Amino acid sequence: MSKDKINLSRRNLLKGITAAGAASVMGGFGMSTAWAAPKSVNMGFIYVGPRDDYGYNQSHFEGKSAVAKLDWVKAFDEENVPETIEVVKTMESMINLNGAQVLFPTSFGYFDPFILKTAAKYPQVMFLHCGGLWDASKHPKNVGSYFGYIDEPVYLSGVIAGHMSKTGKLGYIAAIPIPQVLRNINSFTLGARSVNPKITTHVVFTGGWSNPVKEAEAANSMADQGIDVLTCHVDSPKVVVQTAEKRGIMCCGYHTDQSVLAPKGFLTGAEWNWSKVYSDYAEMIKTGKTIPNLVRGGLKEGIVKSSPYGKVVTAKAKVHADKIRKQFMDGSMVVYKGPLKDNTGKIVIPAGKQHTQTDIALESMNWLVEGVIGTTKS
Amino acid sequence: MNETEMGYMGVVIAVLGGAIRVGTPFLFVSLGECLTEKSGRINLGLEGNLIMGAMSGYGVAYLSGSAWLGVLVAGIAGMLLGLIHGLLCQQPRVNDIAVGIAMMLFGTGLAFYLGKAFIQPVAPRLPALALGSWSDSSVLRAALDINVLFIVGLILAPAMAWFFRNAKWGLIVRTVGESRDAALAMGLNVNRVRLYATMAGGFLAGVGGSFLSLYYPGSWNEGLSSGQGLMAVALVIFARWNPIYCLYASLVFGGAAALGPALQSVGITGGYYLFNAAPYVLTLAVMILTSSSKQRFAGMPGELSNR
Amino acid sequence: MWSYIESIAIPVAALLLSLVIFSVFILFSGANAIDVLEAIFRGAFGSWFSWQNTLVRAAPLMLTAICTALPARIGLIVIGGEGAMVAGGLAAAMIGIALNGLPPLLVISSMVLTGSLIGGLWIAAVGAFKHYRNVNETISSLLLNYIAIAVLNFLVLGILRDPASLNKPSSYPIGDANMIGNIGDTSIHGGLIFGVVTCLILWFVMRRTTFGFAVDMIGGNRRAAQLSGLAVGKLVIVTCFIAGAAAGLAGMIEIAAVQGRANTSLNAGYGYAGILVAFLARHNPLAIIPVALLLGGIRASSGLLQRNFDLPDATTLVLQGIIFIVILASEAFYGKLNWFKPKVVTA
């Protein structure tokens, strides 16, 4: 990249700061750093793992690649950046050496303290974080967070699994018991139990985001226990999906489309669509729109989607899932409504109360719903 | 037995199956390390060979369409890393353990660097022998799907034990490992023997890596090995430099790795980090209890003890 | 005189040779090697920003390198820096959380002491196993790494977990007041001072005290040292304790200067990188400082390589591996450059 280009964008930045003043006077729930339509946008992406892990990091890398195709966007990235001071240095390096105007650090652990501290130091740069909870009263104005309600397509996977399972036992292989994971397990289970209330979901926590041998062992053990639909929440679902196929049981994918890995037993899956999110951000910046601090969305907003149905999925199951999908699309579907018990018998959502998808309270979930066999303890 | 309710019997079968599935890479790496150490040198870098073998094996299997060619190339890649290790260690004052750590870093880095292109594609898998085809139970059939590489390892362990005891070359390796001076007095080329032993050991570790990527779990990515190559080195001490014990120890470690997930799948949840760490605690405890400052282990090569 | 020239000339020559080998590697992968090397230099030392980036990354490596270097002087190859760092950091965090609210100076010094103590005991155990039971120290320290990490995970996801840490399970924070700040206006945290000072003190100890002399004597010839009446066992355990204390201190700094709480990021590989630094510095505490800078610089430049050349992150891993191998091989040349003296035959 030529130096002129950096200077050019710096000038734009200066322009932007004046515009930002206007934006914040206007009030609203917006970033104070929106700028007047720059000619080009420099976007930096940071991943905690390898770009091509067939999973979470790859889904972001694909989003970055899509946005990089726009000729007025310059996108650059860095992989395998640990959640230590190294991510601070990576962010600063992208700002100082590559002239980044917007940063997308995509791992949850980057948020506090690293993004919050760095953002305070570089008020002219926007820090958009995947999954974090931005709090207007505590956090810098140039920080924002975006995330998708991936538990919506996961719920639909659960509905399909509920229809397809013969043994009534589903398996969930997950990394560690954190709110994002627990919400997926619960939505999957609720989806399945909406079809057949007797269904149980067995959970195995492998203890790490990428541990292929443990994932394969878990998949095999579950198959041995008569579980006939598997899904997972680990960095790369490849091993789980392939093992399920080998054992002749069914599976639902996660993160990206894994249907080719299991031509016989693949049912459907939940996928991210980050390219939509990143293109939207780029467009907002180009046209000088105010960037909202919290961007959330599900099936309706196109941030998440379901993988195409596998060929074993019955027509009845498809019809049912599609009906619920329509309810998600028109906003009438509520997954978490009382009365709801957790798997220790405690009532977690009392009768009459409900949490819509946008309810931030759901993002700190720490229980497993009735019907899940597993624990949130380490 | 009702197939959908295997219960605790399922745990037993999972552990037995896991012992074979998870244990095979341990077996190959530990046999390789056993051979190298018997010649009086420690190669701590077999983790690098394992990862390099996994990557190159998967890559070649994908490009050529032949899983067995992948296994061969994995072995050769491991052998080349062994060659570098062996050549460096025969220089004066060069410490074999340090070189091992360097080779681990280099092998891992190289595998990650070259392996980017092979994370997505699906390579052909190694075939398995359906030894359980007589059974009606899909659980037993799955547990008895034995990979040919495991059978090879099963034969290799007693063969190596026989080799050390009876073959002329085995005696040479042992002599070199027992006492450099004695070997020199017999006119043996100590460095050459150790070089060959390190290369052969590296070959086996590379093959062990190909089992990971080509059979179980059966794909290549950067998190594929969680230190199996390093643990296999510890396992050799556990197994007292006896190839047959290497086989047993590998099976125990494989079974231990399968125990955690198996227990969770029948509803015994919690404590999985401690379960996962159990093999390490066990190994350490056994090493502390069975070692002695007064005398060396039976079977320990003399050249390894007096330093 | 020769030995001084040698101790500079050989590593420099080895480093240059590594860069040549690395360049060939880069050429094969289709990038311009000169540009890549230039970018590495720019990313590591090209500007004040790069320097700060390098210094921050070098700080923990200085301390974890001690964990391998000191035992190596007494003849033990310990690779347990990662475990000692995790154990020390975890213990320091627990004390910090417990004492949060007391005067910061008291809290921070308690954290320093606890972190060093637990890290020290962690590696002292390795020395004790070696001395009393003849357990291979490399393997036992490796096993202790895995055990420390498992305990960390177990506690952070279990009883220590702060429910507010949501998707990044962490302990409760030690409190902003108890954090170690940056040095002046820089973005370098105070951990660098701990690292440099520790290396300088240990350099002095190893060079000028009877303890240092005894350690080197045992490392040179254990049997002879024993015969001359040195308390080998005690010295081995003390040396291991100091080594582990340095790594434990690194863990404490990671908590108090970077993370603010205990979580799995404590296990970020600094312990393993420290092994490399120790060997490249030939276990000399003073040499650890520049070598840590070199390695910190290479790691700092990784981002630039990824962004400007589309090279994978493993590129710098390969470079580190090549440097490590070549430097180790260069050991063979010490003494050989001195062709004026008769050759000393070494066993």
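Computed from a predicted structure; not experimentally measured. Note on naming: letters A, B, ... go to the chains in the order of the sequence lines (proteins, then strands), and numbering restarts at 1 for each one.
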Check whether NZ of the Lys or CZ of the Arg A:Lys246 lies under 6.0 Å from the centre of the six-membered ring of B:Tyr215 and within 45 degrees of that ring's axis. yes
To check you understand the geometry: which heavy-atom pair defines the closest contact between A:Lys214 and B:Ala257, and what is its length? CE-O, 3.7 Å
Is A:Gln258 close to chain B through its backbone or its side chain, or both, or neither, when contacts mean heavy atoms under 4.5 Å? neither
Would you say the side chain of A:Gln242 lies within less than 4.5 Å of the side chain of B:Ser219, judging by non-hydrogen atoms? yes
B:Lys116 atom NZ, neighbour heavy-atom count above 12 within 6.0 Å: yes
Rounded to the nearest 0.5 Å, how far does CG of B:Leu140 lie from CG of A:Asp224? 9.0 Å
Cut-off 4.5 Å, heavy atoms of chain B, and the answer for A:Asp52 is both
Which atoms of A:Val260 are under 4.5 Å from chain B, going by heavy atoms: the side chain, the backbone, both sets, or neither? neither
Taken to the nearest 0.5 Å, the spacing of B:Gln120 CD from A:Thr256 OG1 works out to 7.5 Å
Measure from the side-chain N and O atoms of B:Tyr273 to the backbone N and O of A:Gly207, and report whether any donor-acceptor pair falls under 3.5 Å. yes
Looking at A:Asp53, A:Ile173, A:Asn220, which makes the most heavy-atom pairs under 4.5 Å with chain B? A:Asn220
With chain A, which of B:Asp145, B:Val15, B:Leu224 has the greatest number of heavy-atom pairs at distances under 4.5 Å? B:Leu224
Check for a donor-acceptor pair, side chain of A:Glu217 on one end and backbone N or O of B:Ala262 on the other, with a separation under 3.5 Å. no
Counting heavy-atom pairs closer than 4.5 Å to chain B, which one of A:Pro212, A:Ala218, A:Gly374 comes out on top? A:Pro212
For a side chain to side chain contact (heavy atoms under 4.5 Å, CB included) check, start with the C-alpha distance between A:Gln225 and B:Ser265, then their side-chain angles and the critical distance, and finish with the verdict. CA-CA 7 Å; A:Gln225 292 300 329; B:Ser265 71; 3.7 Å; yes
Does any heavy atom of chain B fall under 4.5 Å from the side chain of A:Gln58, the backbone, both, or neither of them? side chain
Non-hydrogen atoms of chain B under 4.5 Å away: do they reach the side chain of A:Leu261, the backbone, both or neither? side chain
Could you have a look at A:Lys377, A:Arg247, A:Met222 and say which one has the most heavy-atom pairs with chain B under 4.5 angstrom? A:Arg247
Considering residues, nucleotides and ligands other than A:Tyr309, do more than 12 of their heavy atoms fall under 6.0 Å from its OH? yes
Contact part of A:Asn80 toward chain B, heavy-atom cut-off under 4.5 Å: side chain, backbone, both or neither? side chain
Where on B:Leu212 is there a heavy atom nearer than 4.5 Å to chain A: the side chain, the backbone, both, or neither? side chain
When every non-hydrogen atom of B:Gln228 is compared with those of A:Val213, the smallest separation belongs to NE2-CG2, 3.3 Å
Going from CG on B:Asn276 to CG on A:Asn211, what distance comes out if it is rounded to the nearest 0.5 angstrom? 7.5 Å
Which answer fits B:Arg125, side chain, backbone, both or neither, if we ask what part of it has an atom under 4.5 Å from a heavy atom of chain A? side chain
Going from CD on B:Glu222 to OG on A:Ser236, what distance comes out if it is rounded to the nearest 0.5 angstrom? 11.5 Å
On a heavy-atom basis, which atom in A:Ser210 and which in B:Asn221 lie closest, and how many Å separate them? OG-OD1, 4.1 Å
Closest contact, heavy atoms only, B:Gly267 versus A:Ile373: CA-CG2, 3.8 Å
Where the side chain of B:Tyr216 meets the backbone of A:Ala216, is there a donor-acceptor pair that is under 3.5 Å apart? yes
Not counting sequence neighbours, list each pair that qualifies as a ring-ring contact (aromatic ring centres under 6.0 Å, His included) and has a residue in residues 166-193 of chain A. A:Tyr172-A:Phe188
Select one option (side chain, backbone, both, neither) describing which atoms of A:Thr376 are under 4.5 Å from chain B's heavy atoms. neither
Using atom types as modelled and distance alone, determine if a side-chain donor or acceptor of A:Lys238 lies under 3.5 Å from a backbone N or O of B:Val122. no
